Amino acid sequence: MSVRPLRAGQLCPVQAARPALRRARNFAFSEPLMQRALDINRSRFADWYQAVVRDADMAETSPVRGAMVIKPWGYGVWEQIQQELDRRIKATGHENCYFPMFIPLSFIAKEAEHVEGFAKEMAIVTHHRLKMIDGKLQPDPEAKLEEPLVVRPTSETIIGDAFARWIKSHRDLPLLINQWANVVRWEMRPRLFLRTTEFLWQEGHTAHATEAEAVEETRKMLEVYRSFAEDVLAMPVVAGEKPENERFPGAVNTYSIEAMMQDGKALQAGTSHFLGTHFAEAQSIKFQNDAGGMDFCNTTSWGVSTRLIGGVIMTHGDDDGLRLPPAIAPRQIVVVPMLRDKPEDTEVLAYCESLVEALGKLSVFGQRVRVLLDLKKIKSAEKRWNWVRRGAPIIIEIGPRDAAGGNITYMRRDTLRDGDKVRSIAVGRQEFIEEKAVQLLAEIQHSLYSEAKARLDANIKSGVTDWAGVESYFSGSDEEFKGWLRISWSKPSGADLEKVDARLKTLKLTIRNAPSQQPDTFAPCLFTGKPGVEEILIARAY
RNA sequence: CGGAGCGUAGCGCAGCCUGGUAGCGCAUCUGCUUUGGGAGCAGAGGGUCGUGUGUUCGAAUCACACCGCUCCGACCA
């Protein structure tokens with residue numbers, strides 16, 4: 001099965017979901033219709049993405065422009081992400097805190113680059129009271145704040161303020177803090193999960209006595225993100241360092257993990273920043289060293305957000321909707337009883353209940369298996385397709401014959417179809433409970449990763465050494481799948497880097513990162529012809 | 001915020017050019033039939049056609065403004 005996205009016009013124009021839907025559409029079908037759970041396929045990737053978010057019941061837009069409502073199934077995925085990542089953050093010695101969402105304007109102003117980077121996307125609170133004036137409810141001019149508050153776009157400054165008070169001596173270091181919070185960045189072009197005005201994230205902030213220790217922390221957390229993305233989200237990534245022009249405002253170095261979406265675009269899925277003493281100097285985060293002198297701390301910050309959910313959708317989704325890796329599926333196994341208003345319904349239900357109870361006692365990925373018996377009063381067939389669209393890893397259907405024969409019939413969401421046909425697999429109840437269930441969940445987790453990993457590996461092209469090669473690789477229609485290029489460069493900076501960036505921009509390309517794994521020797525710089533010092537990934541990006 | 005396109009029932013769309021006061025499929029509800037699984041038949045509910053102003057005897061349809069969405073550009077986790 002090809003994992004590459006379908007190209008425009010490659011398949012029938014629309015893969016209608018239900019037979020009757022086909023009649024409603026003004027399309028002439030020359031080929032046998034492929035019935036899918038979505039009414040759109042990945043050839044129109046942006047529309048497909050929105051359809052998955054909607055049909056999988058993940059989220060919807062809200063009355064506030066750019067802000068989204070995360071629905072139970074989408075939030076359930078976030079809760080799984082939080083739970084497992086929180087465990088890993090704590091396992092590396094960090095503690096959770098909570099800081100205010102309001103930051104005094106003067107705090108933000110302290111670090112010059114930091115202000116510049118965020119000034120354009122700030123929400124500002126200026127009043128603390130409303131008043132009816134001329135029949136209109138509006139901010140009371142007499143209740144103006146002496147100092148405006150910005151709604152945090154990130155918390156370096158307010159946490160730095162606390163750090164300055166908390167840290168006195170080298171014995172207070174390292175200070176390792178994390179917080180789960182919402183942040184606001186006034187985005188011009190919102191997209192559900194990928195870029196919203198308000199989003200949920202986790203932000204780690206640490207302070208260290210030495211540069212070496214802070215750099216190590218920065219890399220350690222990048223590695224936590226890499227392994228989390230790959231092991232838990234089944235989303236292969238390339239970890240590496242961002243070029244100078246893509247750094248976090250105020251950082252010395254920024255590292256990222258980059259994931260490849262099914263349209264070939266790169267998604268920055270997590271970042272880790274070494275901040276040097278920039279914020280420490282701006283905010284006086286100092287400590288007395290063991291020789292009695294005063295030193296500035298070296299600080300770091302790192303974060304991942306609800307954007308990860310968008311990454312999961314665009315990594316694993318198919319033409320039937322979402323496919324969730326079992327490790328983050330709010331429900332890993334969903335049992336759909338096939339009821340038909342007949343006496344044997346009672347037996348079917350009892351059989352389902354005992355099955356769900358037995359499955360719920362199993363463990364996988366170090367936790368109890370999450371099972372749901374779907375008793376919603378809608379047609380059984382409708383239930384099945386709802387769970388297909390939502391991406392439940394295993395969907396079990398139980399009819400009277402299963403109940404009587406001690407069997408179960410299941411579908412794997414990752415390999416739902418054989419050609420166009422849905423694959424329903426029958427197996428003995430005991431066998432399923434005792435071996436299959438756990439084994440299948442592990443297998444699905446693994447197979448989703450392998451599929452995505454194969455796509456990533458197959459679509460990072462090396463060996464292009466000149467600009468003409470870049471142009472030809474990224475030529476053609478924008479609808480077409482384009483992967484990434486891995487090229488050698490001389491790592492220019494300042495104005496020279498800007499030139500490179502401008503050139504890349506003509507092809508809508510950006511430098512993603514310089515992968516951590518580098519070869520021993522380098523081809524000459526693709527841009528300047530000078531000796532190469534590093535390999536970087538260039539790609540179109542979200 | 002600039003360029004383009006689009007906003008008609010929960011979803012997907014037709015109607016708009018050539019104004020006469022709203023239609024299709026899916027979904028929803030009811031009844032009957034059906035039942036190893038995305039069922040059939042009959043009937044029903046649901047829309048002040050994004051918002052406002054204007055033109056007109058009459059506006060989903062024409063004009064203007066605003067709002068929102070999508071794509072492209074600038075910005076970004």
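Only a predicted model underlies this, so the values are computations on that prediction, with no experimental measurement involved. Note on naming: letters A, B, ... go to the chains in the order of the sequence lines (proteins, then strands), and numbering restarts at 1 for each one. Just so it is clear, the values below take in all heavy atoms, side chains as well, and ignore hydrogens, waters and symmetry mates.
Figure legend: cation-pi geometry between A/Lys482 and A/Phe474 absent, as NZ or CZ is not positioned both under 6.0 Å from the six-membered ring centre and within 45° of its axis.
Both distances falling under 3.5 Å, in either a Watson-Crick or a G-U wobble arrangement, place B/A39 opposite B/U33. Using the Watson-Crick or G-U wobble rule with both distances under 3.5 Å, B/A14 pairs with nothing in any strand shown. Base pairing of B/A22: no nucleotide in any strand meets the Watson-Crick or G-U wobble criterion (both distances under 3.5 Å). When both pairing distances are held under 3.5 Å, B/C76 makes no Watson-Crick or G-U pair with any nucleotide shown. When Watson-Crick and G-U wobble pairs are counted only if both distances are under 3.5 Å, B/A44 pairs with B/U28. In this structure, B/U53 and B/A63 make a Watson-Crick or G-U wobble pair, each of the two defining distances being under 3.5 angstrom. As the counterpart of B/C69, B/G5 is assigned, both hydrogen-bonding distances of the Watson-Crick or G-U wobble pattern falling under 3.5 Å.
Counting non-hydrogen atoms under 4.0 angstrom, A/Glu397 reaches a base of the nucleic acid. Counting any heavy atom pair closer than 4.0 Å across all strands shown, A/Thr409 reaches a base atom. Contacts of A/Leu267 with the nucleic acid, taken as non-hydrogen atoms under 4.0 Å apart, are absent. If you check every strand for non-hydrogen atoms under 4.0 Å, A/Asp402 touches a base. Here A/Lys505 lies in heavy-atom contact (under 4.0 Å) with sugar-phosphate atoms only. Residue-level contact check: A/Gly399 touches the bases, meaning some heavy atom is under 4.0 Å from a base atom.
If you measure from atom CD1 of A/Ile257 to atom P of B/A77, you get 14 Å, rounded to the nearest angstrom. To the nearest angstrom, C1' of B/C72 lies 15 Å from CG of A/Asp263. Straight-line distance from the CG atom of A/Leu416 to the C1' atom of B/G38: 12 Å, rounded to whole Å. Spacing between atom CG of A/Leu38 and atom C1' of B/C26 amounts to 14 Å, rounded to whole angstrom units. The CD-P distance, from A/Glu382 to B/U35, rounds to 21 Å in whole Å. At whole-Å resolution of the value, CZ in A/Arg191 and C1' in B/C72 are 12 Å apart. In this structure, CG of A/Leu504 is placed 12 Å from P of B/A74, rounded to the nearest angstrom. Atom CG of A/Asp57 and atom C1' of B/G10 are 12 Å apart (whole Å).
The ring pair (Phe, Tyr, Trp, His ring centres under 6.0 Å) analysis of residues 401-422 of chain A, with sequence neighbours excluded, yields the pairs A/Tyr410-A/Phe432. Screening residues 221-231 of chain A for salt bridge (Lys or Arg N to Asp or Glu O under 4.0 Å), with sequence neighbours left out, gives A/Glu223-A/Arg226, A/Arg226-A/Glu230. Legend: salt bridge (Lys or Arg N to Asp or Glu O under 4.0 Å) pairs involving residues 250-259 of chain A, not counting sequence neighbours, sorted by first then second residue: A/Lys242-A/Glu258, A/Glu258-A/Arg512.
Nucleotides B/C17 and B/C32, compared at atom P, are 47 Å apart to the nearest Å. Atom name C1', nucleotides B/G23 and B/A9: the rounded distance is 11 Å, in whole Å. Taking atom P in both B/C69 and B/U55, the straight-line distance is 31 Å, to the nearest Å. Between the P atoms of B/U51 and B/A59, the separation comes to 15 Å (whole Å). For the C1' atom pair drawn from B/G46 and B/G25, the interatomic distance equals 15 Å after rounding to whole Å. Distance noted for atom P between B/G38 and B/U28: 14 Å (whole Å). Rounded to whole Å, the separation between the P atoms of B/G31 and B/C71 comes to 44 Å. Taking atom P on both nucleotides, B/G2 is separated from B/A65 by 13 Å, rounded to a whole Å.
Checking B/U70, B/C76, B/U35 against the side-chain heavy atoms of A/Asp47 singles out B/U70 as nearest. In the set B/U35, B/C75, B/G38, B/C75 carries the atom at the smallest distance from any side-chain atom of A/Glu121. Candidate nucleotides B/C71, B/G37, B/C76 were compared by shortest atom distance to the side chain of A/Arg307, and B/C76 ranks first. When each of B/G38, B/U70, B/A77 is scored by its nearest atom to the side-chain atoms of A/Ser305, the top-ranked nucleotide is B/A77. Nearest to the side-chain atoms of A/Glu187 among the listed nucleotides B/A77, B/C72, B/A39 stands B/A77.
For a distance-only test at 3.5 Å, the side chain of A/Arg195 qualifies as a donor-acceptor partner of the base of B/C76. Applying the 3.5 Å distance criterion, the base of B/G38 shares a donor-acceptor pair with the side chain of A/Arg417.
In terms of the salt bridge (Lys or Arg N to Asp or Glu O under 4.0 Å) criterion, A/Arg423 has no residue partners (sequence neighbours excluded). Listed by chain and number, the residues in a salt bridge (Lys or Arg N to Asp or Glu O under 4.0 Å) with A/Asp374 amount to none (sequence neighbours excluded). Every residue two or more places apart in sequence or in another chain that forms a salt bridge (Lys or Arg N to Asp or Glu O under 4.0 Å) with A/Asp86 is listed here: A/Lys90.
Of the two residues near RNA chain B, A/Pro400 and A/Ile378, the one whose nearest nucleotide lies more 5' is A/Ile378. Across the interface with RNA chain B, nearest-nucleotide mapping of A/Lys377 and A/Asp55 shows A/Asp55 to be the residue nearer the 5′ end.
Results of the side-chain hydrogen bond (donor to acceptor under 3.5 Å, both in side chains) test with A/Thr300 over A/Thr206, A/Asn253, A/Thr218 single out A/Thr206 as the only residue that passes.
Of the side-chain N and O atoms in A/Arg189, none sit less than 4.0 angstrom from OP1 or OP2 of B/U70. OP1 or OP2 of B/U70 sits under 4.0 Å from a side-chain N or O of A/Gln50. The side chain of A/Arg54 contributes an N or O atom lying less than 4.0 Å from OP1 or OP2 of B/G12.
Note: A/Gln50 CD to A/Ile313 CD1 = 11.0 Å, rounded to the nearest 0.5 Å.
For CH2 of A/Trp186, the number of neighbouring non-hydrogen atoms (other residues, nucleotides, ligands) closer than 6.0 Å is 12 at most. Heavy atoms of other residues, nucleotides or ligands lying less than 6.0 angstrom from CD of A/Glu347 number 12 at most.
Remark: A/Thr196, A/Phe199 in residues 196-204 of chain A come within less than 4.0 Å of RNA chain B through at least one heavy atom. Listed by residue number, the members of residues 239-256 of chain A with any heavy atom below 4.0 angstrom from RNA chain B form an empty set.
A salt bridge does not link A/Arg42 with A/Asp263: none of the charged nitrogens is closer than 4.0 Å to a carboxylate oxygen. A salt bridge does not link A/Arg54 with A/Glu60: none of the charged nitrogens is closer than 4.0 Å to a carboxylate oxygen.
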Name each donor-acceptor pair under 3.5 Å that joins a side chain in residues 110-120 of chain A to protein atoms two or more places apart or in another chain, with its distance.
unit_1: A/Glu111; atom_1: OE1; unit_2: A/Glu113; atom_2: N; d: 3.1
unit_1: A/Glu111; atom_1: OE1; unit_2: A/His114; atom_2: N; d: 3.0
unit_1: A/His114; atom_1: ND1; unit_2: A/Pro249; atom_2: O; d: 3.2

